[in-house]
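Here the structure is a predicted model, which is why all the values come from computation and not from measurement. Values below: every heavy atom of this structure, side chains too, minus hydrogens, waters and symmetry copies. We're numbering straight along the sequence, starting at 1.
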Amino acid sequence: MSVSAIINATDLLTIYKTKNILLVDASNGPNTRLNYENKHLEGALFVDANTQLATIETNVAVGGRHPLPSIEDFSKTLGDLGITPQTWVVVYDDKNGANAAARFWWMLRAIGHEKVQVLNGGIQAAEKIGFPINSEPVSLAKKENYSCQTWQWPIASIDEVEKVAELPSHTVIDVREAFRYNGESEPIDLIAGHIPGAINFPFTENLDENGLFLPPEVLKEKYNTLLGESSSENTIVHCGSGITACHTLLALHHAGFAIPKLYVGSWSEWSRNDKPIATNK
């Protein structure tokens, strides 16, 4: 059974106790584990973006700030969370899916897991409609390691990005905020600017004024205009470290597009490898 990529809080509230849904909090940032322990959706488990959805290396120039974990490590993480190929997973965060909920969604879909959805509007939307929230500890119901062999969705390497970024036949989308892309300032990585040839389309363009995903037809019109004749095979999406880019991949999927390539290393890798850098200052 496949499910839509995004689920609204009102729908989740109606079914979460009757459909054997596993809720997962994928919020990321300072003190997120403590924040989760203080407040999470009833029954939600926690997944750590830094230790379970990435394998962070000392040398950020190799793979960026959030390289994907090995398939073997991700398989164990899923087993530890009690996720099997039959599990219906709903993942949320505290930033409308852009923290790590969309990354977890992408990773699950990329190993072939069908029943996974991102909560539209995150924990804020759930809290707004009265979804039960508490600080009660949630026990893990560990299973065997999830059986998976490889990432089935397309990934671009730094070398591929360098080869195609300025080709008219390809589109490289940078989903970071405009001030970072333009080279005005860089709050996280070492250098501000962007990959020459990349176009800026911040992930916030996927959302309405309430922080909810735009309807599929609106997203489709936006991305048709942006992509023009570029096919999914010739489109690469990146951000700062390979997490927020998944928000745009989720939006594209929601709008009915085939999934483009994810450049996992993103700006954090590119900017540390003596590659050309463009600015709009």
- Please walk me through it: do N234 and V164 pass side chain to side chain contact (heavy atoms under 4.5 Å, CB included)? CA-CA 8 Å; N234 289 347; V164 306; over 6 Å; no
- Item | Salt-bridge contact R180-D189 (side-chain N to carboxylate O under 4.0 Å) | yes
- Query: Could you go step by step and tell me if I6 and L250 meet the side chain to side chain contact (heavy atoms under 4.5 Å, CB included) rule?
  - Reply: CA-CA 8 Å; I6 294 168; L250 173 61; 4.2 Å; yes
- Task: Examine the side chains of N200 and H194 and answer whether a donor and an acceptor come within less than 3.5 Å of each other.
- Result: no
- When you measure from the side chain of Y92 to the backbone N and O of L41, does any donor-acceptor pair fall under 3.5 Å? yes
- Sub-4.5 Å side-chain heavy-atom contact between W88 and I83: no
- Message: For residues I173 and W106: do they belong to one hydrophobic cluster (side chain heavy atoms under 4.5 Å, members Ile, Leu, Val, Met, Phe, Trp, Tyr)?
- Response: yes
- Task: Please answer whether the main-chain N or O of N50 pairs with a side-chain N or O of D48 as donor and acceptor at a distance below 3.5 Å.
- Result: yes
- Look at the side chain of S241 and the backbone N and O of H66, then say whether any donor-acceptor pair between them is shorter than 3.5 Å. no
- W270 and E162: side chain donor to acceptor below 3.5 Å: no
- Considering all heavy atoms, the nearest I191-S271 contact: CD1-O, 3.4 Å
- Query: Is there a donor in the side chain of T10 and an acceptor in the side chain of N8, or the other way round, less than 3.5 Å apart?
  - Reply: no
- Pair listing, ring-ring contact (aromatic ring centres under 6.0 Å, His included) test, anchored in residues 22-41, at least two apart: Y36-H40, Y36-F46
- Closest approach of V175 and C239, non-hydrogen atoms and distance? CG2-CB, 3.6 Å
- Query: Between Y181 and N280, do the side chains contain an N or O donor and an N or O acceptor separated by less than 3.5 Å?
  - Reply: no
- Message: Is it the case that the side chain of T87 and the backbone of V89 share a donor-acceptor pair, with hydrogens and angles ignored and the cut-off at 3.5 Å?
- Response: no
- Given the rule that I, L, V, M, F, W and Y join up when any side-chain heavy atoms are under 4.5 Å apart, are W105 and L81 in one cluster? yes
- Query: Heavy atoms, side chains only, cut-off 4.5 Å: are N206 and L214 in contact?
  - Reply: no
- Message: Just verifying a value: how many Å separate I133 CD1 and E127 CD, rounded to the nearest 0.5 Å?
- Response: 4.0 Å
- Other residues, nucleotides, ligands: >12 heavy atoms within 6.0 Å of N38 CG: yes
- Answer with yes or no whether the hydrophobic clustering places I123 together with L119; edges join I, L, V, M, F, W, Y residues whose side-chain heavy atoms lie under 4.5 Å apart. yes
- Message: Are P260 and I236 packed together at the side-chain level, in the sense that at least one heavy-atom pair is separated by less than 4.5 angstrom?
- Response: no
- Message: Between T235 and S232, do the side chains contain a donor N or O and an acceptor N or O under 3.5 Å apart?
- Response: no
- Greater than 12 external heavy atoms within 6.0 Å of E184's CD: yes
- Could you tell me which non-hydrogen atom of P67 sits nearest to which non-hydrogen atom of G64, and how far apart they are? CD-O, 3.4 Å
- If every non-hydrogen atom of A101 is compared with every non-hydrogen atom of V91, which pair is closest and at what distance? O-CG1, 3.6 Å
- Taking NZ, NE, NH1 and NH2 as the nitrogens, is one of them in R176 or E186 under 4.0 Å from a carboxylate oxygen of the other? yes
- Query: Does N120 use its side chain to pair, donor to acceptor, with the backbone of F213 at less than 3.5 Å?
  - Reply: yes
- Message: Quick check on side-chain contact (heavy atoms from CB on, under 4.5 Å): which of I195, I158, L262, T248 does H238 satisfy it with?
- Response: I195
- Counting distance only, does the side-chain N/O of N182 pair as donor-acceptor with the main-chain N or O of A178 below 3.5 Å? yes
- Query: Salt bridge check: are E160 and K261 linked by an N-O gap of less than 4.0 Å?
  - Reply: yes
- Ignoring hydrogens and angles, state whether a donor on the side chain of N99 or D93 is under 3.5 Å from an acceptor on the partner side chain. no
- Message: Working to the nearest 0.5 angstrom, can you tell me the gap between C246 SG and L252 CG?
- Response: 11.5 Å
- Side chains of V118 and I7: does their closest heavy-atom pair fall under 4.5 Å? no
- Separation between NE2 of H247 and CZ of F203, rounded to the nearest 0.5 Å: 6.0 Å
- Task: For the residue pair P187 and F179, establish whether any side-chain heavy-atom pair is separated by less than 4.5 Å.
- Result: yes
- What about I199 and L227, same hydrophobic cluster or not, with Ile/Leu/Val/Met/Phe/Trp/Tyr joined at side-chain heavy-atom distances under 4.5 Å? yes
- Query: Taking all atoms of both residues into account, what is the closest heavy-atom pair of G43 and V138, and its distance?
  - Reply: O-CG1, 3.5 Å
- Item | Aromatic ring proximity, centroids under 6.0 angstrom, H254 and Y223 | no
- Query: For G211, does its backbone N or O pair with a side-chain atom of D208 as donor and acceptor, under 3.5 Å?
  - Reply: yes
- Does a side-chain N-to-carboxylate-O contact under 4.0 Å join K76 and D80? yes
- Quick one: which residue pairs count as a side chain to side chain donor-acceptor pair (under 3.5 Å) with a foot in residues 135-154, not counting sequence neighbours? H113-Y146
- Task: May I ask you to decide if E205's main-chain N or O and K222's side chain share a donor-acceptor pair within less than 3.5 Å?
- Result: yes
- Query: Does V47 reach the side chain of D25, with side-chain heavy atoms less than 4.5 Å apart?
  - Reply: no
- Would you give the length of the straight line joining atom CG of N96 to atom CG of L212, rounded to the nearest 0.5 angstrom? 7.5 Å
- For the pair N35 (side chain) and N31 (backbone), establish whether a donor and an acceptor sit closer than 3.5 Å, ignoring hydrogens and angles. yes
- CA sep, side-chain torsions, deciding dist, call: V24, V90, side chain to side chain contact (heavy atoms under 4.5 Å, CB included): CA-CA 6 Å; V24 180; V90 173; over 6 Å; no
- Query: Does R65 reach the side chain of I188, with side-chain heavy atoms less than 4.5 Å apart?
  - Reply: yes
- Query: Tell me, do E42 and K17 make a side-chain contact under 4.5 Å, heavy atoms counted?
  - Reply: yes
- Message: Distance check, rounded to the nearest 0.5 Å: C148 atom SG versus F74 atom CZ?
- Response: 7.0 Å
- Are D159 and S157 close enough, and set up right, to give a side chain to side chain donor-acceptor pair (under 3.5 Å), and what steps lead you there? CA-CA 5 Å; D159 293 333; S157 67; 5.0 Å; no
- Query: Pairs in or reaching into residues 116-137: which pass ring-ring contact (aromatic ring centres under 6.0 Å, His included), with residues at least two apart or in two chains?
  - Reply: Y16-F131
- Query: Has the side chain of Q124 got a donor or acceptor atom that lies under 3.5 Å from a matching backbone atom of D94?
  - Reply: yes
- Shared ILVMFWY cluster between I129 and I15, side chains joined below 4.5 angstrom? yes
- Message: Using every non-hydrogen atom in the two residues, find where A100 and A26 come nearest and quote the distance to one decimal.
- Response: CB-O, 3.1 Å
- dist R33:CZ -> S27:OG (nearest 0.5 Å) comes out at 12.0 Å
- Task: Under the side chain to side chain contact (heavy atoms under 4.5 Å, CB included) rule, what do T55 and L68 come out as? Steps first, then yes or no, please.
- Result: CA-CA 6 Å; T55 298; L68 288 170; over 6 Å; no
- Considering only NZ, NE, NH1 and NH2 on the basic side and carboxylate oxygens on the acidic side, decide whether E269 and K275 come within less than 4.0 Å. no
